[in-house]
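Right, one structure below, let's go through it.
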Amino acid sequence: MSAQPSIMRNSTLGMVSGLSMSVAGFACSVLVARMLGVGASGSIAMALWIVSAAVMVHEIGLGGTLARFLPETRNDPQARKNILGALLRTFILAIMVGLAVVATGLWFYWPVVLKSHMASSAQATVFCALILLCFICHMFCAFAYHYMRGTDQFRGIAICSLIGAVSQVGVVVVGGFFFEINGALAGYVVGSAPMALIVLRLRPRGRVDREMRRRLMRFSWTLWVAALLSPLVWTRLDLLLVERLLDIHSVGLFAVAATLSALLIQLCMMVCSAVVPHLAAADPTHRLETSRTVIKCVLALLMPATLGAAAIAPILLPMIYGPDFAAAGLTARLLAMAAVGSVVTMTLSNIMNLLERNGRLILGGAVGAVGTIGFGLLLIPLHGILGAALARLIAQTLVAGITIGQLNRLQPGTVQGGWFSALLLSSLLSASSAAGVLALWPGGAGMGLAILTGGVVHAIIAKAIVPLTPTEHEWLRDFLQRRAAALKLPRFGRR
């Protein structure tokens, strides 16, 4: 099998995995909201925030280090065993430290649990125990995912993700019906279990020499710092601020309002995972032209989708989650608008990673984190969850601007003001047309017509003011042909 079909096959399986988990997460948020209400949505959101924050802090880049170094040992089983053993021992230590830290944090958080989340100490104890168990499963899941990536087991990733997604939805429904919040939270534990179980098959037997250990630790810590300052982390800080400055009801509204923007960011990650391998395999002498083509094609898809979601969010949110969440509609619109900045940042960050200049992303991440906290502390007391959404919008716009400037300094001419501003204008006009249709015909039928209208308007305007060059047409046609070929490949799991 040639390299290109293998790359495209693996990225396709990666999209299947990501899509299944994204759909499951969205479905579970809707089920919790419909079955248990606003307050329960807030409680689940805070529990998952604690888990995700703890995983990001204590994973210390070990998974990404696995995915980076294991492929180099494809023809050397002993070297693979040595690297896996060294990282697995560090991972076990990280789990133990993380459990101690999370347990200590929950001890201090206990009064809030009793006051805002649970009616009795017994229920609160189960709630905290599920958070600890969820942390362990998610840590195992992250390590197993990157191990399977590093050993080219993408078919296994897709299968585990599909099983986990179905199991998660099923347990959330059954558990939420019989045991309310704790039952629903158990679904998120079960959802990560199929992939987490892979770690139990691994053995920490190998050892690396001092030089390799130094390389592993340096890469791991650099990756960890960059990850802590990535948009996936600092965009979640506002949920904590809402919980601290407002109440659990506001957390529920804000968490649901953020689901649309979260889906858009996950869509960006899946699209980038599909096109970046193609870019990495491109001729280095044409890297600038190929980078510009990739960015233009990705943003031509994601910018109108993001702004279109912002246009329909106030109507769409109560249709999906119920009338109790109608008050979060405008907040969802602002958060979807903020996601434009995240989409731009993440797309350009992938290019900078390929240029091996990912260290420069730390500046944007630091600005984003400080901006989210600073503007949040200023605006949330004044405007509630709208203030939190506005703080995120400001912070993400600043970070996107910084990232554009950094990439253009590294590779001048990658993001040109002419086509970028034209693409933004086309996206804004298509979103406005969708909003206009919904204003005239609110409801389900109007929603479908609004989405269709927005897509047609963007296609017409973009074709007129953001035309693709012949080279870009050729790249896009070649990419789609390879994607179609990847989908037809037999024996997906074979290496």
Side-chain angles (χ1 to χ4, degrees), residues 10 13-14 17-18 20-21 24-25 48 50-74 77 79-103 131-165 167-168 188-208 212-213 215-228 230 232-233 269 273:
N10 290 341
L13 288 169
S17 172
S20 63
M21 296 309 296
L48 295 178
I50 293 170
V51 170
S52 62
V55 169
M56 290 300 300
V57 170
H58 296 96
E59 198 265 346
I60 58 173
L62 295 174
T65 305
L66 268 180
R68 163 65 179 81
F69 285 93
L70 285 185
E72 295 181 356
T73 65
R74 185 167 289 126
R80 172 174 295 187
K81 182 187 294 186
N82 292 341
I83 291 174
L84 177 60
L87 293 176
L88 187 55
R89 283 190 294 273
T90 306
F91 172 74
I92 293 171
L93 179 61
I95 286 273
M96 296 170 63
V97 172
L99 277 174
V101 171
V102 176
I131 290 176
L132 290 171
L133 185 58
C134 198
F135 166 72
I136 295 172
C137 284
H138 279 67
M139 284 284 285
F140 274 49
C141 185
F143 193 87
Y145 170 78
H146 289 290
Y147 166 75
M148 295 171 79
R149 278 187 61 200
T151 53
D152 202 24
Q153 299 182 51
F154 287 87
R155 182 174 180 269
I157 292 175
I159 291 173
C160 288
S161 299
L162 287 169
I163 295 173
S167 302
Q168 178 176 317
Y188 293 88
V189 176
V190 173
S192 60
M195 196 173 297
L197 293 173
I198 300 296
V199 177
L200 300 180
R201 296 174 9 204
L202 307 179
R203 297 293 180 266
R205 291 174 178 168
R207 294 187 178 276
V208 296
M212 176 55 74
R213 176 172 291 277
R215 287 182 63 197
L216 293 175
M217 292 300 104
R218 182 176 60 187
F219 186 88
S220 174
W221 284 97
T222 303
L223 191 67
W224 179 61
V225 172
L228 288 180
S230 71
L232 290 176
V233 177
M269 292 173 62
S273 71

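Note that the structure is a prediction, hence the values are computed from the model and not measured.
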Checklist entry - Out of curiosity, Ser17 OG to Arg155 CZ, how far, rounded to the nearest 0.5 Å? => result 13.5 Å
Indicate every side-chain donor-acceptor pair of residues 57-64 with a distance under 3.5 Å to a residue at least two apart or in another chain.
| from | atom 1 | to | atom 2 | distance (Å) |
| --- | --- | --- | --- | --- |
| His58 | ND1 | Ala54 | O | 2.9 |
| Glu59 | OE1 | Gly61 | N | 3.0 |
| Glu59 | OE2 | Leu62 | N | 3.4 |
| Glu59 | OE2 | Gly63 | N | 2.5 |

Item to check | Where Ala165 and Ser20 come nearest, the two heavy atoms and their spacing | outcome: CB-O, 3.5 Å
Checklist outcome for this item: Rounded to the nearest 0.5 angstrom, the CD1-CG distance for Ile136 and Leu99 is 4.5 Å
Checklist entry - With a 4.5 Å limit on heavy-atom distance, are the side chains of Ile198 and Met148 in contact? => result yes
Item to check | His138 vs Ser52 side-chain heavy atoms within contact, under 4.5 Å | outcome: no
Checklist outcome for this item: dist Ser192:OG -> Tyr145:OH (nearest 0.5 Å) comes out at 15.0 Å
Item to check | Straight-line distance of Ser167 OG to Leu162 CG, nearest 0.5 Å | outcome: 10.5 Å
Checklist entry - Quick one: are Phe143 and Leu202 in side-chain contact, heavy atoms under 4.5 Å? => result yes
Checklist outcome for this item: Heavy-atom nearest pair, Val199 first then Ala144, reads CG2-CB, 3.7 Å
Checklist entry - Can you tell me how far the NZ atom of Lys81 sits from the CG atom of Leu84, to the nearest 0.5 Å? => result 10.0 Å
Next on the checklist: Are the side chains of Val55 and Met139 in contact, using a 4.5 Å heavy-atom criterion?
Outcome noted: yes
Would you mind writing out the side-chain donor-acceptor pairs for residues 87-98 within the sub-3.5 Å range, not counting sequence neighbours?
| from | atom 1 | to | atom 2 | distance (Å) |
| --- | --- | --- | --- | --- |
| Arg89 | NH1 | Pro204 | O | 3.0 |
| Arg89 | NH1 | Gly206 | O | 2.9 |
| Arg89 | NH2 | Gly206 | O | 2.7 |
| Thr90 | OG1 | Ala86 | O | 3.1 |

Checklist entry - Any side-chain heavy atom of Arg80 sitting closer than 4.5 Å to one from Thr151? => result yes
Checklist entry - Under the side-chain contact (heavy atoms from CB on, under 4.5 Å) criterion, do Arg215 and Phe219 qualify, and how do the steps go? => result CA-CA 6 Å; Arg215 287 182 63 197; Phe219 186 88; over 6 Å; no
Item to check | Ile157 CD1 to Ser161 OG distance, which is reported to the nearest 0.5 Å | outcome: 7.0 Å
